[in-house]
Amino acid sequence: MARPKSFEALRRIPVVGRVADWGMGPHAVSHQTRDAGARIAGLDAAESVCPYCAVGCSQVVYTREGELVDIEGNPRSPVNQGTLCPKGSASRQLVQQPGRITTVRYRRPGGTEWEDLPLETAMDMIAERVIAARENGWQTVDEHGKRVDRTLGFAHLGGATLDNEENYLIRKSFTAMGAVQIENQARI
């Protein structure tokens, strides 16, 4: 939008023109700000998808020599148009949070205290329990004699921290194991 001609005429008056320029144009920027440069200058940028609720918001991930520096919304995305929700804005913490838990907290049956287990141990325990629940709850035929080949021994509830691809693979995996009770809270 162009300035009115009367304003341009005032700017041509020597003293009034300087006053009219205060706080506008190049005079409004400090030397420190002018010399600072772009916050993301020299960084490698890669487009990604937010790992949360499965809406599919696009992110721009900035790295320097393989080290994560910043994540922000992708303005070219038709889904989120450069914006991110609070969880998406904090997704950098999924990788760089110093307080991130790297072990599994476990309380044994009948126990009163929690203990830390290595992730591999916990995964083996889960696999054993899934196999046992599948075997104990397997149905070859239903109450009408119709072949169903399924288990009601376990179910899966996906969370909003899983992305579309993870939810797809989980759905396929649990279906292949015979589960029929599969849901995801982010299903929109």
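The structure presented is a predicted model; accordingly, all values stated were derived computationally and were not measured.
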Rounded to the nearest 0.5 Å, how far does [atom2] of [Y] lie from [atom1] of [X]?
X: Thr63; Y: Ile71; atom1: OG1; atom2: CD1; value: 10.5 Å
X: Lys87; Y: Leu94; atom1: NZ; atom2: CG; value: 10.5 Å
X: Tyr106; Y: Met125; atom1: OH; atom2: CE; value: 3.5 Å
X: Trp138; Y: Thr140; atom1: CH2; atom2: OG1; value: 7.0 Å
X: Leu152; Y: Arg150; atom1: CG; atom2: CZ; value: 5.0 Å
X: Asn74; Y: Gln81; atom1: CG; atom2: CD; value: 11.0 Å

Considering residues, nucleotides and ligands other than [X], do more than 12 of their heavy atoms fall under 6.0 Å from its [atom1]?
X: Arg105; atom1: CZ; value: yes
X: Leu157; atom1: CG; value: yes
X: Gln97; atom1: CD; value: yes
X: Met123; atom1: CE; value: no
X: Glu65; atom1: CD; value: no

*Without hydrogens or angle criteria, can the side chains of Asp124 and Thr121 be said to hold a donor-acceptor pair below 3.5 Å?*
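No, because no side-chain N or O of Asp124 sits under 3.5 Å from a partner of the opposite role on Thr121.
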*State whether a side-chain donor-acceptor pair under 3.5 Å links Gln139 with Thr151.*
no
Checking the side chain of [X] only, and the main-chain atoms of [Y] only, is there a donor and an acceptor separated by less than 3.5 Å?
X: Thr83; Y: Asn80; value: yes
X: Gln96; Y: Leu68; value: yes
X: Arg134; Y: Met177; value: yes

*Indicate yes or no: does Glu113 engage Arg108 in a salt bridge with an N to O separation below 4.0 Å.*
no
*Salt bridge flag under 4.0 Å for residues Asp70 and Arg39*: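 Yes, charged N to carboxylate O under 4.0 Å.
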*Whether Phe174 and His156 hold their rings parallel, tilted or perpendicular, with breakpoints at 30° and 60°*: tilted
*asked:* side chain to side chain contact (heavy atoms under 4.5 Å, CB included), that's the test. Do Tyr52 and Ser91 meet it? Break it down for me.
replied: CA-CA 8 Å; Tyr52 284 107; Ser91 58; 4.1 Å; yes
*Can you check side chain to side chain contact (heavy atoms under 4.5 Å, CB included) on Glu115 and Leu117, steps first, answer last?*
CA-CA 6 Å; Glu115 61 182 283; Leu117 294 179; 3.6 Å; yes
*Under 4.5 Å between any side-chain heavy atoms of Asp44 and Tyr62, yes or no?*
no
*Looking only at non-hydrogen atoms, find the nearest pair between Gly88 and Cys50 and report the distance.*
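Smallest heavy-atom distance, with atoms named: CA-SG, 3.7 Å.
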*Can you name the nearest heavy-atom pair linking Val60 to Ala45, along with the distance?*
CG1-CB, 4.0 Å
_Working for side chain to side chain contact (heavy atoms under 4.5 Å, CB included), residues Cys57 and Val49_ = CA-CA 6 Å; Cys57 294; Val49 177; over 6 Å; no
*asked:* Hydrophobic clustering (ILVMFWY, side-chain heavy atoms < 4.5 Å, transitive) - are Val61 and Leu43 grouped together?
replied: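 In one cluster: no.
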*Path from Ile126 to Ile170 over hydrophobic side-chain contacts below 4.5 Å*: yes
*Chi angles and distances behind the side chain to side chain contact (heavy atoms under 4.5 Å, CB included) call for Val104, Asp116*: CA-CA 6 Å; Val104 176; Asp116 289 329; over 6 Å; no
